[in-house]
Amino acid sequence: MSAIKPFCCLMVRKGPDGDLACQVETVTVEDLPPGEVLIRVELSSLNYKDALACQAHPGVVRNLPHVPGIDCAGRVVQSTSTDYQPGDLVLVTGYDQGSNRWGGYSRYVRAPAEWVVALPVGLTIREAMRLGTAGFTAAQCVMAIQHHGIGPEQGEVVVTGATGGVGSLAIALLSKLGYQVAAVTGKPNQAKFLQQLGATRILSREDVNDTSNKPLLPARWFAAIDTVGGNTLATLLRSMAHRGCIAACGLAAGHELPTTVYPFILRGITLTGIDSAQCPRARRLEIWHRLATDWHLEDLEHWTHEITFAEVPERAKSMLAGKTVGRTLVQTTE
Ligand SMILES: NC(=O)c1ccc[n+]([C@@H]2O[C@H](COP(=O)([O-])OP(=O)(O)OC[C@H]3O[C@@H](n4cnc5c(N)ncnc54)[C@H](OP(=O)(O)O)[C@@H]3O)[C@@H](O)[C@H]2O)c1
């Protein structure tokens with residue numbers, strides 16, 4: 001242990017004046033919480049939940065000081081679990097990492113063995129973090145639509161928050177699987193990016209933000225992936241075709257859902273909730289395997305930004321203001 005030199009992490013803490021600080025600090029391996037697997041983190045990523053954690057949002061972070069970062073990938077350095085040996089390449093996404101527990105914005109993390117996933121054959125560390133929780137969540141949404149029995153022949157799937165991490169990866173996955181995709185975005189200047197990902201039609205946020213009190217709207221889609229919630233999700237519910245399915249995973253536009261029961265009882269709509277943090281291990285392993293094999297996404301590199309710990313707070317602010325595009329990798333070497 002003592003061979004590991006002090007290292008950097010991004011720490012969120014309250015100063016003596018009560019002001020919040022999110023800054024790079026030097027810590028030692030003894031500062032890490034207990035756990036079976038010590039990992040030298042090669043890369044992390046920025047997700048919406050991380051952006052909230054950087055601002056100590058009470059819905060994400062219960063205790064300060066706190067190290068954010070719900071994703072990390074790297075190499076095992078020490079392990080008391082027989083499932084992992086020093087040198088193994090691994091990733092951790094979700095669970096309590098980066099919310100109630102020391103996260104991936106740190107050169108080293110210590111994790112419970114049951115949180116650790118062996119890097120699947122077919123994925124590099126970089127590819128795994130380009131996906132991260134966002135890609136994992138997008139894959140869960142696509143799987144939910146498939147399990148509902150909706151295939152590409154049933155027409156377009158609509159994806160909201162299209163330029164975001166989950167949205168952009170959902171478009172890429174759906175397109176790879178042969179679906180036509182309508183991308184809903186507040187950034188019309190990113191139409192080319194969305195088309196390159198595989199979107200076949202671009203819609204504005206206003207196109208999916210009905211403010212009438214009509215209990216049902218003309219049927220437009222059999223399937224939707226919603227990352228934004230609020231009135232957008234309410235509009236989608238009223239716009240789905242008979243027996244359609246919505247995979248709801250996000251709240252970028254708001255956590256409220258103003259709806260009636262009519263879409264459910266008159267059109268048989270299914271609203272499927274997607275949670276990635278506590279996804280059961282068997283399903284988790286299956287999803288990572290798919291993402292490394294038949295759902296492997298190529299060409300994500302030029303849509304990926306890369307930043308240092310010191311750049312995270314500013315980027316997190318942009319993300320919460322809805323201004324970022326695609327995925328952001330976080331380097332762990334300052
Ligand atoms: N359930 C889970 O397990 C899970 C896992 C991952 C993420 N999430 C949630 O999914 C959402 C997306 O996460 P992410 O990491 O992809 O974040 P992100 O990269 O910031 O993407 C969010 C996107 O939503 C759109 N948006 C932002 N503000 C909006 C507003 N006020 N109204 C309508 N659209 C808005 C923007 O896309 P456009 O400009 O293109 O419209 C933005 O890029 C977040 O709410 C996050 O908490 C949930």
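In each ligand, atom 1 is the first atom listed, and ligand 1 is the first ligand listed.
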Would Lys49 count as a contact of ligand 1 if the rule is a heavy atom under 4.0 Å away? no

Sidechain N-carboxylate O distance under 4.0 Å for Glu306, Arg126: yes

Got the closest protein heavy atom to atom 45 (O) of ligand 1, with its distance? Leu251 N, 2.9 Å

From atom 23 (C) of ligand 1, work out which of Gly161, Ser276, Gly186 has a heavy atom at the shortest distance. Gly161

Which residue owns the protein heavy atom closest to atom 6 (C) of ligand 1, what's the atom, and how far is it? Thr137 OG1, 3.5 Å

Within the structure, does Cys249 bring an N/O atom to less than 3.5 angstrom of an N/O atom in ligand 1? yes

For ligand 1, is there an N or O atom under 3.5 Å from any N or O atom of Gly326? no

Are Glu42 and Arg107 ion-paired here, with the side-chain N under 4.0 Å from a carboxylate O? yes

for atom 46 (C) of ligand 1, nearest protein heavy atom and its distance come out as Tyr48 CB, 3.6 Å

Backbone or side chain, does any N or O of Val166 fall under 3.5 Å from an N or O of ligand 1? yes

Are more than 12 heavy atoms, taken from residues, nucleotides or ligands other than Glu256, located less than 6.0 Å from that residue's CD atom? no

Can you report which non-hydrogen protein atom sits closest to atom 30 (C) of ligand 1, along with the distance? Arg205 NH1, 3.6 Å

Thr133-ligand 1 polar pair, N/O distance under 3.5 Å: no

Can you confirm, on distance only, whether ligand 1 has an N/O atom lying under 3.5 Å from any N/O atom belonging to Asp275? no

shortest atom 1 (N) of ligand 1-to-protein heavy-atom contact is with Ile274 O, 2.7 Å

Using a cut-off of 6.0 Å, state whether more than 12 heavy atoms not belonging to Tyr262 lie near its atom OH. no

Trp288 vs Phe136 aromatic rings, parallel, tilted or perpendicular, using cut-offs 30° and 60°? parallel

Do any heavy atoms of Ala162 fall under 4.0 Å from ligand 1? yes

Kindly confirm or rule out an N or O of Gly167 lying under 3.5 angstrom from an N or O of ligand 1. no

Taking both backbone and side-chain atoms of Ala134, is any N or O found less than 3.5 Å from an N or O belonging to ligand 1? no

